[in-house]
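Right, one structure below, let's go through it.
Naming: A, B, ... by sequence-line order, numbering from 1 per chain.
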4 protein chains.
Amino acid sequence: MNTRKDSGGATTTPVRRRGATKRAASSGSASERRDHLVKLAAELFARKGFQATTVREIAEEAGILSGSLYHHFDSKETIVDEVLSTFLHDIVGRYRAVLEQGGEPRTILSEMVRIGFGTLEPHRAAITVMQNDWNYLRSLPGGRFDYLVKAEDEVERMWVEQIKRGQAVGQFRPDVDPKLTYRMIRDTIWVTVRWFRPGGRLDTAALAEHYVAVLFDGLATGERTTQRA
Amino acid sequence: MNTRKDSGGATTTPVRRRGATKRAASSGSASERRDHLVKLAAELFARKGFQATTVREIAEEAGILSGSLYHHFDSKETIVDEVLSTFLHDIVGRYRAVLEQGGEPRTILSEMVRIGFGTLEPHRAAITVMQNDWNYLRSLPGGRFDYLVKAEDEVERMWVEQIKRGQAVGQFRPDVDPKLTYRMIRDTIWVTVRWFRPGGRLDTAALAEHYVAVLFDGLATGERTTQRA
Amino acid sequence: MNTRKDSGGATTTPVRRRGATKRAASSGSASERRDHLVKLAAELFARKGFQATTVREIAEEAGILSGSLYHHFDSKETIVDEVLSTFLHDIVGRYRAVLEQGGEPRTILSEMVRIGFGTLEPHRAAITVMQNDWNYLRSLPGGRFDYLVKAEDEVERMWVEQIKRGQAVGQFRPDVDPKLTYRMIRDTIWVTVRWFRPGGRLDTAALAEHYVAVLFDGLATGERTTQRA
Amino acid sequence: MNTRKDSGGATTTPVRRRGATKRAASSGSASERRDHLVKLAAELFARKGFQATTVREIAEEAGILSGSLYHHFDSKETIVDEVLSTFLHDIVGRYRAVLEQGGEPRTILSEMVRIGFGTLEPHRAAITVMQNDWNYLRSLPGGRFDYLVKAEDEVERMWVEQIKRGQAVGQFRPDVDPKLTYRMIRDTIWVTVRWFRPGGRLDTAALAEHYVAVLFDGLATGERTTQRA
DNA sequence: TATGAATGAGAATTCATTCAT
DNA sequence: AATGAATGAATTCTCATTCAT
C-alpha cells in the first residue's frame, strides 16, 4: 500500500539507501524538495519533540499548507522515518569503513569516538530526535521503527568487538565490562547533543579529543590506582 | 490558577519541600492517596512519555475516572511537576550532605558519582521523564518549570567546584575542561536509566564502581599517554 | 482495547445481546441516552448513507458537540455496528421463534415473509443502511463487520431448509432452486424499504399478504402453465 | 460550469444520446479513451461505492495521475453521470423496442423481465452503482441527477401499463396492485446484481426463466388458493 | 471524593480540484 | 495529454478540562 510516496526502504532493510530511488540523473527538484522538507521537519522535531511538532508547523515552515505535505509524505511518521534512517545509514557506513581499514583496537576505538562526535553537527537534529523520541517511536504499533533497534544492535556489535580485542591484546584494562563500557561511551557522545551548540568555545573535534583523553587515561593524575577485578 | 490543589512550591523555590505544605501531622490518607497517584503517573510518564500519557490512562491505572483526578491535581502538569520536584529535592539534598561533610576532591567526586547511580533505582521514573521530556516541559509557557534549570545550575556548580579543586591540588589532570567534564559525567550517569533494569547482572553500586574506575584511571593500560595541553 | 465504551459484542458473537451489559436494574438514563443517540444516527445513516453522514451531523442532531459523541462511542463505526447488530439480533430471534413452533413449510414460510415485512417499520433505518452500505462496511479492514455475513448465513440456512422441506412434501414446485428462491424473496422484501413510507395506502401487513399471494400462487390466472424441469 | 468537457446531455434530457455529441465520425482515440476511463471508474464505483472511490484510484487504475483525469472529465460526478446515463439510455431503448412490437401483456411482461435480467451482465457495474449510490447521488445539490428519477418514472409507466392491461384482459389476477407489483418485480431483478456472478451455476437467461416461472405461476403446487380481494 | 456527560480547541489526514509547465 | 505540486475545506478522532450531581 505504501507505494511511491513512502520511499523509506527503512521498513525492510535496517539502513535505507537513499537517492537511488529517483529516476537516474535525479534532475534534482523532486528529490531536493523532499529532502528540504525533511530537513525543516527534523529541526522542528529536534526543537519541540516529535509529538509536540504539528504537521501544520512543518508545513508553515515550508511555506505551504499542511495538506500539501501529504503530496510528499504519507504521514508524519514517514517524515521522521526519513530523518532517522538517513542518519543511521550515514553513521553505520562510517563505522563500517573504519573497521574495514583495520588497525589496533585503541586506534580504531579512538576513530569511532571521533566519528561519533563528528556526526554531532551534521546530524544534530536526527540525534536529538533519537534521544528524545526513541521510546515513543519504538512503541508505535506496526513495527515501523524496528529497524532502529536492528541498526543499534549492529553498531553495538562493532564497538563491543573492538573493546574485547583491546582487552585480549592488553591495550584495555581487563576488568571492565565491554558491553557496559560501550553503552557508556555511546551515551556520553550522543547525549552531548543536548547542550552542544556549534560556534561555542569547543568544536566537536576538540570535544572528541577531550573525551578520548579522559576515556583512555582517566581523570586522575599519577599512577592508576583503582583495583582491577 | 494555582489554587490550593496545586501544592507545588516548586514554582517559587528551586526545590520544593514537600509534606510541610500539608496541614500539619495529617499524614493521613489524603496525602498518601496523592503520593500514590503521583507514583502511578510517573511510571506511565516514564514508559510512554509525558505527552503520550493521557490523563485517562493515569486515572484508569488508579481505578478511577479521569475527571476524578482533578480532585487531587490542578492539571496534568501539576502531576509531572510533583514527580520532578520530588526527585530534585532528594538529589540536591544528598549532594549538599556530601559537600557539607567535606574531604578530598577525588573522594567527594567518587561519592557524588555513587549518589548519582544511587538515585537510578528509587527515581528511575523521574529521571527518565527528565531525560525525555525536559525539552518539552521547558518550552511550556508560563515558566512553570524554570526551577528545573535553577536546580540543574546549582548541581552544576557543586560538581564543577570539586573538579576545579581537584585540579588545583593536582589530583585531576589540568588539561580537561571542568564544565565539560561535569556534563559528560552527569550525562553518562543519567542516561544509564535508558537501559538499566534492576535485577540484572550488575546493580547500581557495581555500575558506580565500574564507572569510577574508568573515570579516574581510564580504559587504557600502562602509562598514561595522552598529551596534556 | 475496546473496553466499556464499545459494548458491541457484535465483534465476537454473530448477534449482540444488548441491555444485559449495563449494571443490573439499568436505571435507564445511561443506556437510554446511548440508545437515543444510536437511533438518531441510524436515521441519518439511512437518509444520507453511512459515509456521507458526518459525525458532526449526528452530534448536532443530538444537540451536542461532535467530540462529545466519543464519550459514548469509540468511533462512527461503533455506532453503525450497534444499529445493525440490534436489528440482526431482533430478526434472527424472530425467525428462530417461528421455526421452534414448527408447522407446515408453507405456513412457516408465510410467517417468515410476514416477519420480514414486519421489520420494515421498526427497523427501517437499519435495513436501509444494510442495503446501501453493506458493501462498504464489509470492505472495512479489521473484520469488524464479519458478523453481518455470519448472521446472513444463518438466516439463509433457515429459509432454504423450509423451502427444501416444502419441496420434499410436495407443497412447493420441485423445479425451483431453493437458494435462488430464498435470495429473491429476501431481496424483494428488504428492498421495499427504498420506497415504503409508513402512513401510505398500504401498511406492511398488507404488503406481506400481497406478496405471499403472488409468491405462492403467481401473478397469472387459470391453470399453471410454466414447465417444471 | 458545464463546459465542453462535460458531454452529459443527461442534464437536459431524461436519457442521454451519446456519440451524437462527438464531432461527427471521429470514432477516434479521444472518445475511446474516455469510454475506457468510464468503464474503469464504473468498476471501481461498483466495487467500493461512489464516495469511497477516490479520483486517485480511478487514475491509478488507468495508469495516469489524478490531475490528468480532469482533461477528460469535469469532475468525479461527470464520470458517474456518464456511467448511469449510458445504462439508462440502453435499457429504456430496449423497453421501448419491446413495447413497439406489441403483443399480449403476459408475453410483453415476460420479455421485459428477460430484458431486465439481460442487462445484468453488460451493465453490472452501472446497476450496482444505481442500487448503492442512488440515494446519495439524488441528494446532491444542483439537481444534476434528476434525470435518474425521470427515467425511472418512464420505466414505471411502461411496466404498470402492461400489468393493468393484463388484468383488464384477465391474464393477471385482479387483486394485486399494479404499481406495487411492478416495484417488487423491478427490485427483485436489479437487486440480483448484489450476488450474481457470471460463470456461476446459472446464467442470467436461466435466472430470468426461473423468475418468470415463479412470478406467473407461484411457488406453490396444485390449485391456487390465496383469496382474491 | 467520585461520577459521567459534555466541552472546545486542536490533531492528523483525506481528497476533489486547479494550474503552471 | 499528462505531470506533479499545491490548495482548502472537510473529516474523524483526541484529550485536558469542567461541572452538576
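Applying the side chain to side chain contact (heavy atoms under 4.5 Å, CB included) criterion to A:V38, with sequence neighbours excluded, gives A:F73, A:E82, A:V83. For C:S139, the side chain to side chain contact (heavy atoms under 4.5 Å, CB included) test picks out C:Y136, with sequence neighbours left out. Listed by chain and number, the residues in a salt bridge (charged side-chain N to carboxylate O under 4.0 Å, His left out) with A:E61 amount to none (sequence neighbours excluded). Listed by chain and number, the residues in a side chain to side chain contact (heavy atoms under 4.5 Å, CB included) with B:E77 are B:F50, B:S75, B:L140, B:R144, B:F145 (sequence neighbours excluded).
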TODO: Decide side-chain contact (heavy atoms from CB on, under 4.5 Å) for D:L40 and D:H36; before the verdict, give the C-alpha distance in whole Å, the side-chain angles of both, and the deciding distance to 0.1 Å.
DONE: CA-CA 6 Å; D:L40 291 179; D:H36 178 61; 3.7 Å; yes
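Distances shown here put a side-chain N or O of C:Y70 below 4.0 Å from the OP1 or OP2 atom of F:dC13. Proximity of A:H72 to the phosphate of F:dG4: no side-chain N or O atom is located under 4.0 Å from OP1 or OP2. Between B:R34 and the phosphate of E:dT1, there is no side-chain N or O to OP1/OP2 separation shorter than 4.0 Å.
Of all the heavy atoms in D:A125 and D:A42, the pair that sits closest is CB-O, 3.6 Å. In plain terms, the two heavy atoms of B:A62 and B:L37 that are nearest each other are CB-CD2, 3.4 Å. The minimum heavy-atom distance between A:I58 and A:A41, with the atom names listed, is CG2-CB, 3.9 Å.
Nearest nucleotide to the side chain of D:S68, out of F:dA5, E:dA16, F:dA2: F:dA2. Of the candidates E:dA5, F:dA2, F:dC13, the closest approach to any side-chain atom of D:H71 belongs to F:dA2.
DNA chain E lies under 4.0 Å from at least one heavy atom of each of the following residues of residues 37-53 of chain D: D:T53. For DNA chain F, the residues of residues 55-67 of chain A within the heavy-atom distance limit of 4.0 Å (strictly under) are A:I64, A:L65, A:G67, sorted by number.
Here F:dT17 presents its P atom at 13 Å from CZ of B:F73, a figure rounded to the nearest Å. Between the P atom of E:dC19 and the CG atom of D:L69 lies a distance of 17 Å, rounded to the nearest Å.
D:E60 contributes atom CD, which lies 11.0 Å from atom CG of D:L69 (distance to the nearest 0.5 angstrom).
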Task: Dot-bracket encoding per residue of DNA chain F, Watson-Crick/G-U cut-off under 3.5 Å, | denoting interstrand - done: .||||||||||||||||||||
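Sorted by first and then second residue, the salt bridge (Lys or Arg N to Asp or Glu O under 4.0 Å) pairs involving residues 36-49 of chain B (not counting sequence neighbours) are B:E43-B:R124, B:K48-B:E57.
When atom types are taken as modelled, the side chain of A:S66 and the backbone of A:A59 share no donor-acceptor pair closer than 3.5 angstrom.
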